[in-house]
Number of protein chains: 2
Amino acid sequence: MVDERDKSLVKWLGETSLFVGMEEQHLRDLSGIAMVVSYKRRATIFSEGDPGNGFYLVKDGKVKIFMISPDGKEQILHIFGPGNPFGEVPVFAGQSFPAHAVALENSRLVFLPRDDFVALVGVNPALALNLLATLSQRLRQFTKMIDALSLKEVPGRLAAHLLYLSEKQAAGDYLQLELSKTQLASLLGTIPETLSRMLSKLQREGLIVIEGGSISIVDREGLEELAEIGKF
Amino acid sequence: MVDERDKSLVKWLGETSLFVGMEEQHLRDLSGIAMVVSYKRRATIFSEGDPGNGFYLVKDGKVKIFMISPDGKEQILHIFGPGNPFGEVPVFAGQSFPAHAVALENSRLVFLPRDDFVALVGVNPALALNLLATLSQRLRQFTKMIDALSLKEVPGRLAAHLLYLSEKQAAGDYLQLELSKTQLASLLGTIPETLSRMLSKLQREGLIVIEGGSISIVDREGLEELAEIGKF
DNA sequence: GATTATCATTGACTTAAGTCAAACTGACTG
DNA sequence: CAGTCAGTTTGACTTAAGTCAATGATAATC
């Protein structure tokens with residue numbers, strides 16, 4: 001017997017990019033092994049080195065994946081929201097989680113246990129191809145991040161991020177930072193003081209106008225050039 | 001009819017980590033769509049932005065995957081040798097290659113065309129799982145590289161790399177750099193001058209002894225601490 | 001084997017960005 | 001609503017690492 005909650009989980013799973021287009025029966029199988037778990041804001045979901053017994057989908061809320069140095073500096077790898085999967089690496093590569101995961105807001109997650117899930121992948125090529133697409137996309141993002149960290153200076157990374165947000169939010173030249181400036185600094189591989197100075201600098205140079213966590217792009221071409229060249 | 005060359009290609013494919021354990025028939029299917037291509041030292045295999053119509057396996061030789069900034073600074077992402085696959089991202093994520101590939105030595109590569117290969121993945125779950133393991137492993141490596149670039153200083157990255165080489169080469173405290181120092185600098189996200197100074201510094205501090213491209217580890221614990229903490 | 005390139009090293013200098021400290025804002029909590 | 005605490009901004013300073021330039025060492029090629 002399938003109750004209302006299970007039915008809605010099946011429907012929800014079928015709408016995530018990972019499972020889109022999968023047959024009803026396969027989605028029911030997935031839903032059969034899935035567990036919904038809740039985490040409060042700031043709660044740790046897993047830590048680097050923890051054994052990976054499964055992976056997660058964000059049902060609602062927001063999760064950050066990050067690394068931290070011995071002296072406490074943090075580098076955010078990803079911010080994941082509704083529909084995004086995370087923590088897949090140990091499912092397929094074995095070993096433990098390579099980074100930490102913390103809830104940025106009160107969040108509900110769908111947990112999929114490793115062994116059951118791998119068995120489903122083995123009999124479902126469409127699922128395997130979706131996973132390959134997801135991991136490949138992730139590799140592409142990491143490639144861009146390495147490029148940014150190694151070959152671009154902070155203003156260039158910031159400009160690229162503002163353009164990314166502008167495209168994603170599709171609200172013309174107006175955009176929301178979506179994160180606290182401390183967290184944004186960590187995502188861009190810098191510290192809050194430097195981010196603050198660089199935002200001021202972009203404003204001073206006439207590229208943007210800052211209103212708290214909202215930004216208006218004034219000179220899009222200038223920002224694009226900065227993002228491309230990576231420095232002033 | 002299968003000639004001697006095809007037979008050996010099937011055998012070779014079956015020994016690569018990507019295709020290990022696959023059935024003979026599937027290996028023959030793979031070999032049927034594979035093309036062996038040769039590249040001279042320094043030849044470009046593909047460039048960032050090129051459409052990805054397939055991916056490659058290194059048969060022999062050595063290939064570097066890298067990005068380059070507008071002013072010419074290079075960041076190496078990977079060095080691949082015999083048996084390693086590369087260029088898979090556009091096969092599964094669509095779009096174009098996210099980085100450049102150049103032969104570091106005269107090399108022979110096995111090219112696998114995208115559409116034929118994806119069709120094989122769709123009917124061969126074991127292949128899909130091997131691919132997922134490979135891409136996951138790649139994500140783990142990139143995570144480490146981002147961690148190093150963002151949270152460790154050059155001496156820390158260098159120490160970690162020396163320990164990695166030592167483990168890989170399994171020759172006690174003696175190791176070969178395997179790359180020119182210019183290329184190693186690019187792999188570590190720095191420049192030759194800085195690498196040269198840092199190698200001297202590690203020697204001066206009594207952690208290693210340098211003899212050209214060969215290094216002897218003198219103080220392994222010191223190196224490990226440096227790699228862990230990321231700075232002196 | 002002489003001659004180019006390419007690569008490696010060293011020194012002097014510059015600079016992007018981090019550190020430390022202080023002031024300021026705002027927001028949640030008791 | 002007072003008070004603490006997290007986040008932001010600004011200023012003064014330090015520093016890791018890059019740039020530029022010169023020299024030395026290898027190695028490749030004709």
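Order of the sequence lines sets the chain letters (A, B, ...), proteins ahead of strands, with each chain counted from 1. Every value quoted in this text rests on a predicted model; they were computed, and no experiment measured them.
Taking only side-chain atoms of B:E193, from C-beta outward, the nucleotide of D:dG7, C:dC7, C:dT10 with the closest atom is C:dT10. When each of D:dT19, C:dC20, D:dG7 is scored by its nearest atom to the side-chain atoms of A:R42, the top-ranked nucleotide is D:dG7. Out of C:dT10, C:dA8, D:dA17, the shortest distance to the side chain of B:V154 is found at D:dA17. Nearest nucleotide to the side chain of B:K73, out of D:dG18, D:dA17, D:dT9: D:dG18. Taking the side chain of A:I191 as heavy atoms from C-beta on, and the options C:dT10, D:dT10, C:dG18, the nearest nucleotide is C:dG18. For A:S196, counting side-chain heavy atoms from C-beta on, the closest listed nucleotide (C:dA17, D:dT10, C:dA12) is D:dT10. You'll find that the side chain of A:E153 is closest to C:dA16, out of C:dG18, C:dA8, C:dA16. Distances from the side chain of B:R197 to the nucleotides D:dT9, C:dA12, D:dA17 place C:dA12 closest.
For the side chain to side chain contact (heavy atoms under 4.5 Å, CB included) test with A:Q183, the passing option among A:L177, A:L188, A:I76 is A:I76; the others fail.
A donor-acceptor contact closer than 3.5 angstrom links the side chains of A:R220 and A:S166.
Of the side-chain N and O atoms in A:T194, one or more sit less than 4.0 angstrom from OP1 or OP2 of C:dG18. Close to C:dC7, at under 4.0 Å from its OP1 or OP2, lies no side-chain N or O of B:T182. Regarding contacts with the backbone of C:dA16, every side-chain N or O of A:K231 stays at 4.0 angstrom or more from both OP1 and OP2.
Rounded to a whole Å, the NZ atom of B:K201 is 16 Å from the C1' atom of C:dT10. At whole-Å resolution of the value, CG in B:L151 and C1' in D:dA16 are 15 Å apart. Rounded to whole Å, atom P of C:dT9 lies 11 Å from atom CG of B:L184. Look at CG on A:N106: it is 13 Å from P on C:dC28, rounded to the nearest Å. In this structure, B:L149 atom CG and C:dA17 atom C1' are separated by 16 Å, rounded to whole Å. Per the geometry, CD belonging to B:E211 stands 14 Å off P belonging to D:dT26, to the nearest Å. Atom NZ in A:K181 sits roughly 13 Å away from atom C1' in D:dT10 (whole-Å rounding). Atom pair B:L195:CG and D:dA16:P shows a separation of 17 Å (rounding to whole Å applied).
Comparing B:R41 and B:S200 against DNA chain C, the residue whose closest nucleotide sits nearer the 5' end is B:R41.
Using modelled atom types, no side-chain atom of A:S150 and backbone atom of A:I146 make a donor-acceptor pair closer than 3.5 Å. In this structure, the side chain of A:N106 engages the main chain of A:R41 through a donor-acceptor pair within 3.5 Å.
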request  = Please assess A:F86 against A:F55 for the test ring-ring contact (aromatic ring centres under 6.0 Å, His included), listing each intermediate value before the final yes or no.
outcome  = CA-CA 6 Å; A:F86 67 93; A:F55 75 104; 8.6 Å; no
